[in-house]
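Quick notes on the structure that follows.
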Amino acid sequence: MTMARGGSSIAFHSNRQPLDRAVRVRQRPSPKVVAPDRDRPAHLTAAPLVPDEHLPGRAPTTARPTRLVALSDYDYPLPEGLIARHPLDRRDASRLLVLDRRSGARGHRRFTDWPGLLRAGDLLVLNDARVIPARLFGRKRGSGGRVELLLVRPDAETATDAALQGPAGALTWVCLGQASKGLKAGVVVELDGGAEASILDSMGEGELRVRFAAPESLGALLEHAGTLPLPPYLEREPEDADRTRYQTVYARVAGSVAAPTAGLHLTEAMLADLERRGVERAFVTLDVGPGTFLPVRGEDESQHRMHPERYQVPPATASAFTRARRDRRRVVAVGTTVVRTLESAVQPDGSLRPGPGSTTLFIRPGHRFAAVDALLTNFHLPRSTLLMLVSAFAGRDPVLAAYREAVEQHYRFFSYGDAMFIAEGVAG
């Protein structure tokens, strides 16, 4: 399925051919092989310098750009064969590239070595969001034209997991949609599985306001009629194994349309081992939206608009964070979604605001990190906001040097690929 949004496109693959033909749209000229742009464009952007001092309640950042940076500087060459299109047999069988946040030194480990890089007292924060089978198919009433819908979020302040459990028609939903002749207000879609979807109006940038009608909850409808969204670069249809492997072992709160992939490497046994080692564990929830697949286009990243994503910080997590900061213990984020949640919820006094929220935070070089000391992450797409976030955390040059070395060492890239751990003093 391909959905246009604001002049750009996102694509998900399913076990059906959308619109009676195979449609596959790239997010950028080619996510397979991206060559660096050797010609410096005329329009360059500069990130502000970050002072060296450690502010109260803030972790130090090494993201101090020394020159103007163009978006083309976030390209890197990637052979097609290094894109991991299927998971390994074991979650923890991945490789681990270790990057020292202060010195830029690198090391190569197995992911099973990762617990040894953590310390007793570290606060490990994970995103417990669960990916839902958010794609629905149907036909227009009357014309019979094929339609595809992707649920994004409820059009209300209600939490997504709660909205999924309620009656299907109780709330309107924000969806992305595609049909052969477009979707306008008043169109009724007869969905596979016996339900209906009424298009109420267009919200702009490809988003539609939709009301569903079904004799069951919307969550139940998705379970028997929905299809799991997969990243477009996998270039394949979902398989039975993806239902479990494209979820973390601690996924609990339904509502995401993409997995928090750094956590895919963790096993129940490893989490138990970390607990025995004295590593504290806390959870946040951020519903990953389709905006995570949107590239930054053009050469001015300041013009890129992050689409809102909802998050929830439990009071217990806020308290654990406050204790860790008070005791000068590290906060270790498992994934960029956790970074965005914590950096969005942290307060000027260094505390973490509990409760629900919505974030459009775009973290790029120049950002002052106030909540995170170490980061476990996967390898990200060129020119993506996620690559910019990691570059903000560890410096663009060290990160891209690590990516080049990962390519040379034949690491596996993207959602089902290998991992990187970034912290101070870990690569010696």
Q | Shortest non-hydrogen contact between His410 and Leu82, atoms and distance | A | CA-CD2, 3.9 Å
**Q.** Heavy-atom check, side chain of Leu88 versus side chain of Arg412, under 4.5 Å
**A.** yes
**Q.** Sequence neighbours excluded - ring-ring contact (aromatic ring centres under 6.0 Å, His included) pairs with any residue from residues 263-286
**A.** Phe111-His265, Tyr250-Phe283
**Q.** Note: Lys140-Glu190 ion pair, threshold 4.0 Å (strictly below)
**A.** no
**Q.** Side-chain touch Pro398/Arg101, heavy atoms, less than 4.5 angstrom
**A.** no
**Q.** Side chains of Thr385 and Met306 in contact at under 4.5 Å (non-hydrogen atoms)
**A.** yes
Q: Compute the centroid of each ring, for Phe362 and then for His367, and state whether the two points are separated by less than 6.0 Å.
A: no
Q) Given side chains that start at C-beta, do those of Phe137 and Leu149 come closer than 4.5 Å, heavy atoms only? A) no
Q) Thinking salt bridges, do Arg383 and Asp75 make one under a 4.0 Å N-O criterion? A) yes
Q.
Testing the 3.5 Å rule here: is there a donor-acceptor pair between the side chains of Thr261 and Tyr416?
A. no
(Q) Considering only residues two or more places apart or on different chains, which pairs with a residue in residues 244-258 satisfy salt bridge (charged side-chain N to carboxylate O under 4.0 Å, His left out)? (A) Asp128-Arg252
Q | Side chains of Leu124 and Leu274 in contact at under 4.5 Å (non-hydrogen atoms) | A | yes
Q) Can you find a heavy atom in the side chain of Phe413 that is under 4.5 Å from one in the side chain of Asn378? A) no
Q) Do the charged groups of Arg323 and Asp327 touch, with an N to O distance under 4.0 Å? A) no
Q: Please check if any side-chain donor atom of His108 sits under 3.5 Å from a side-chain acceptor atom of Tyr411, or the reverse.
A: yes
